[in-house]
Amino acid sequence: MAKKFACGDVVDGCAWSVTSKDEKELFQKISEHAKNAHKMSTIPDEVIQKVKSKIKDV
Ligand SMILES: [Zn+2]
């Protein structure tokens with residue numbers, strides 16, 4: 001099952017979203033986006049937990 005994440009669920013006002021075939025690939029894309037768009041070179045644990053709670057099966 002594919003996984004989908006919308007950044008706006010965690011970061012107010014961000015319109016970016018991503019769909020991937022699995023959670024591992026999804027997190028790679030999320031960390032790239034976090035680095036480029038939100039200046040997070042590493043993602044804090046609390047943000048990862050929030051992200052995980054918002055991931056949807058599609
Ligand atoms: Zn974002």
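The first residue in the sequence is number 1, and the count goes up from there. Whatever order the structure lists ligands and atoms in, that order sets their numbers, starting from 1. Since this is a predicted model, take the numbers as computed values, not measurements.
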Inset, instruction - Using a cut-off of 2.8 Å, find all protein N, O or S atoms closer to the Zn ion (ligand 1) than that distance. - result: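 Listed by chain and number, the atoms are C7 SG, C14 SG, H33 NE2, H38 NE2.
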Hey, does [Y] have a side-chain heavy atom less than 4.5 Å from the side chain of [X]?
X   : Y   : result
H38 : C7  : yes
K52 : F27 : yes
K50 : E46 : no

Legend entry - Within residues 4-20 or reaching into it, pairs that qualify as salt bridge (charged side-chain N to carboxylate O under 4.0 Å, His left out) - sequence neighbours excluded: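 Non-adjacent pairs meeting salt bridge (charged side-chain N to carboxylate O under 4.0 Å, His left out): D9-K56.
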Legend entry - Salt-bridge present (K3, D22; N to O < 4.0 Å):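 Looking at D22 together with K3, the answer is no, because their closest N to O distance does not fall below 4.0 Å.
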Inset, instruction - Determine the minimum heavy-atom distance between V18 and I30, stating which atoms define it. - result: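 Answer, listing the atom of V18 first, then I30: CG1-CG1, 4.1 Å.
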